[in-house]
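Quick one: structure below, then a few questions.
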Protein chains: 2
Amino acid sequence: MADHVDRILEQWKAEKPDLDVSPMAIIGRLSRAALAVDARLANTFARYGLDASSFDVLATLLRSGAPYRISPVELARDAMISTSAVAQRLNKLEARGLVSRQANPDDGRGTLVALTAAGRKLIETALLPHLETERAITASLTVEEKTLLAALLQRINDAARPLK
Amino acid sequence: MADHVDRILEQWKAEKPDLDVSPMAIIGRLSRAALAVDARLANTFARYGLDASSFDVLATLLRSGAPYRISPVELARDAMISTSAVAQRLNKLEARGLVSRQANPDDGRGTLVALTAAGRKLIETALLPHLETERAITASLTVEEKTLLAALLQRINDAARPLK
DNA sequence: TATTGTTATACTCTATAACTATA
DNA sequence: TATAGTTATAGAGTATAACAATA
C-alpha cells in the first residue's frame with residue numbers, strides 16, 4: 001500500500017542514504033491528510049453556499065448556546081485569526097443576513113455578534129451533512145484507533161506549538 | 001490534559017446532546033496540528049529566505065537525484081498545484097538564481113527545471129535543520145507510535161480522497 | 001487534437017496600520 | 001493607557017483563461 005509519501009521517502013533514501021528522513025513519514029502524511037480533509041469538507045460547505053471560514057463562524061455561534069451571541073474578540077481567539085479578519089468575515093455574513101451586530105449593553109466599546117434566524121437555520125441544516133462527511137472520513141477506524149489517533153495528534157500539536 | 005478541541009466538544013455536547021460529534025475530535029485536531037506544524041516549519045524555512053512553497057520545489061529537485069532536473073508538469077503533479085502556479089514559483093526562484101530553466105532536448109514543447117549550484121547549496125544546507133525541526137516535533141512518540149500514526153494518517157488520507 | 005508552458009488577470013484571504021470610541 | 005472594533009490598504013498565493021508552440 002505504498003502512497004506518495006512512501007515514494008518520496010524512497011527518493012530521499014536513494015539520494016541521502018545517511019539521513020534519517022523518517023519524521024517525514026508523519027509530517028508529510030499529516031500535511032496531505034489535512035489538505036485532503038479540507039477539500040472534502042469544502043464540498044459539503046459549498047452545498048450551503050459556505051466556505052470553511054463562514055462555517056466556522058456560524059458553528060462557533062451555534063455551539064456557544066442560546067442566545068447565540070459572541071464578541072468579535074472571542075471569535076478571533078477561537079479561530080486564531082486577527083480581529084480585522086473577523087470583521088471582514090462578519091461583513092460578508094451580515095450582508096447575507098446570517099449574522100447581526102448589536103452594541104454590547106455592558107461595554108460601550110463592545111459589539112455582540114448574533115446568529116439571525118436565517119443564520120441559525122442554515123448552520124443547523126449544514127451541520128448534519130458536515131458531521132456525516134467527518135464520520136465517513138473516520139469510518140474505517142475502530143473506536144480504539146480513533147481514540148489513539150486523536151491522542152497522538154494532540155501530542156504532535158503540543159510538540160509543534162512551542163515556538164511562535 | 002484538555003485542549004481547545006476538548007472544550008469545543010463539550011460545547012457541542014451541551015448544545016446538541018443527541019449529536020455524535022466524536023469525529024470532530026480527530027478532524028479538529030488534524031487541522032490544528034497541521035496548522036501548528038506548518039507554522040513551525042515556516043520558522044526554519046525563513047532562516048534561509050524560503051517559504052514552504054520554495055522549499056518544496058527545491059527539495060523535490062534535490063531528491064530527484066542527479067542531474068537534479070524536472071519538468072514543470074512533474075513539479076505541479078508533485079505539489080498538487082496548477083502548472084501556472086508552478087511557473088510563478090519558478091519565476092521567483094529563477095530570479096534569485098536558485099533554479100534555471102532549459103529547453104528539453106527530447107521534447108520541443110518541454111522545459112527542464114534544474115537546481116543551480118547556489119540552489120543546490122541552499123537546499124542541502126536548509127535540509128538538515130528542517131529535518132531537525134521535524135524530528136523535534138515527533139520526538140515524544142515512541143517508534144511504535146510513530147509507525148502507527150503514519151499508518152492511521154494514511155488511512156485518513158485515503159478515506160478523504162474519493163471526492164474531488 | 002492533446003500536451004507543455006507561460007503570462008495576464010482576477011479573486012480570495014489575510015495582516016498591518018490608522019483611526020474612533022470607550023474603559 | 002489599554003482594549004474593542006472597524007476600515008483602508010497592500011501583500012501573498014492561487015486558479016482560470018488565453019495564448020504560443022510542439023507532438
Side-chain angles (χ1 to χ4, degrees), chain A residues 31-32 34-36 38-39 41-43 45-46 49-58 60-61 64 69-96 99-114 164, chain B residues 31-32 34-36 38-39 41-43 45-46 49-58 60-61 69-96 98-114 164:
Chain A
S31 302
R32 284 170 183 265
L35 278 178
D38 284 350
L41 298 185
N43 273 323
F45 297 149
L50 297 172
D51 56 19
S53 305
S54 308
F55 184 92
D56 198 36
V57 170
L58 298 180
T60 301
L61 284 165
S64 74
R69 275 202 288 267
I70 298 186
S71 74
V73 258
E74 283 177 276
L75 285 169
R77 258 196 296 271
D78 206 274
M80 301 190 292
I81 56 175
S82 67
T83 58
S84 105
V86 167
Q88 288 167 68
R89 288 185 182 184
L90 293 177
N91 287 344
K92 280 193 262 185
L93 290 170
E94 196 175 31
R96 291 177 60 189
V99 305
S100 64
R101 286 192 256 219
Q102 316 160 2
N104 182 341
D106 300 329
D107 186 334
R109 302 168 302 180
T111 300
L112 288 176
V113 182
K164 82 141 201 146
Chain B
S31 302
R32 284 168 185 267
L35 278 177
D38 284 351
L41 298 185
N43 274 323
F45 297 148
L50 297 171
D51 55 19
S53 306
S54 308
F55 183 93
D56 198 37
V57 170
L58 298 179
T60 301
L61 285 165
R69 275 202 288 265
I70 299 187
S71 75
V73 258
E74 283 177 275
L75 285 169
R77 258 197 295 273
D78 207 274
M80 302 190 291
I81 56 174
S82 68
T83 57
S84 104
V86 167
Q88 289 166 68
R89 287 184 183 185
L90 294 177
N91 287 344
K92 280 192 263 185
L93 290 169
E94 196 176 30
R96 291 177 58 189
L98 300 174
V99 305
S100 63
R101 286 192 256 219
Q102 317 159 2
N104 183 340
D106 300 330
D107 186 334
R109 302 167 303 180
T111 300
L112 288 176
V113 182
K164 80 141 199 139

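First the proteins, then the strands, lettered A, B, ... as listed; each starts at 1. Just so it is clear, the model here is predicted, and its values are computed rather than measured. These numbers come from the heavy atoms of this one structure, side chains and all, not from hydrogens, waters or symmetry mates.
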Measure the distance from CD on B:Q88 to P on D:dG11 and round it to the nearest whole Å.
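The answer, rounded to whole Å, is 17 Å.
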
With a 4.0 Å cut-off on heavy atoms, is A:T111 in touch with a base, just the backbone sugar-phosphate, or nothing at all?
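Answer is sugar-phosphate: A:T111 comes under 4.0 Å of backbone atoms only.
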
Take atom CD of A:E74 and atom P of D:dA4, then tell me their distance rounded to the nearest Å.
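One finds 10 Å between P of D:dA4 and CD of A:E74, rounded.
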
Does C:dG5 have its OP1 or OP2 closer than 4.0 Å to a side-chain nitrogen or oxygen of B:R101?
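False: B:R101 side-chain N/O out of range (4.0 Å or more) of C:dG5 OP1/OP2.
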
Rounded to the nearest angstrom, tell me the gap between atom CZ in A:R89 and atom P in C:dT12.
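Taking atom P of C:dT12 as the reference, CZ of A:R89 is at 15 Å.
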
Is the phosphate of D:dT6 approached by A:N91 (side-chain N or O, under 4.0 Å from OP1 or OP2)?
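So the side chain of A:N91 is outside the cut-off, no N or O lying under 4.0 Å from OP1 or OP2 of D:dT6.
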
Residue A:R109, side-chain atoms from C-beta onward, closest of C:dA15, D:dT14, C:dA21
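Output: C:dA21.
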
Which nucleotide in the set C:dG5, C:dA15, D:dA15 lies at the smallest distance from any side-chain heavy atom of B:S84?
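Within the option list, the nearest is D:dA15.
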
Quick check for you: among D:dT14, C:dA15, D:dG5, whose closest atom lies nearest to any side-chain atom of A:A85?
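Of all the options, the side chain of A:A85 is nearest to C:dA15.
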
Report yes if a side-chain nitrogen or oxygen of B:K92 is closer than 4.0 Å to either non-bridging phosphate oxygen (OP1 or OP2) of D:dG13; otherwise report no.
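Yes, within the criterion.
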
Just the rounded figure in Å: distance from P of C:dC13 to CG of A:D56.
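These atoms are roughly 13 Å apart.
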
Knowing that exactly one of A:S100, A:S54, A:S53 qualifies, which makes a side chain to side chain contact (heavy atoms under 4.5 Å, CB included) with A:L93?
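Running side chain to side chain contact (heavy atoms under 4.5 Å, CB included) over A:S100, A:S54, A:S53 with A:L93 returns exactly one hit, A:S54.
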
Between C:dC13 (C1') and B:L35 (CG): distance, integer Å
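For the pair B:L35 CG and C:dC13 C1', the rounded distance is 14 Å.
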
Which whole-number value in Å describes the distance from B:I81 CD1 to D:dG13 P?
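Rounded to the whole Å, the gap is 11 Å.
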
In whole angstroms, how far is the P atom of D:dG13 from the CG atom of B:L50?
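Interatomic distance, CG of B:L50 to P of D:dG13: 12 Å.
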
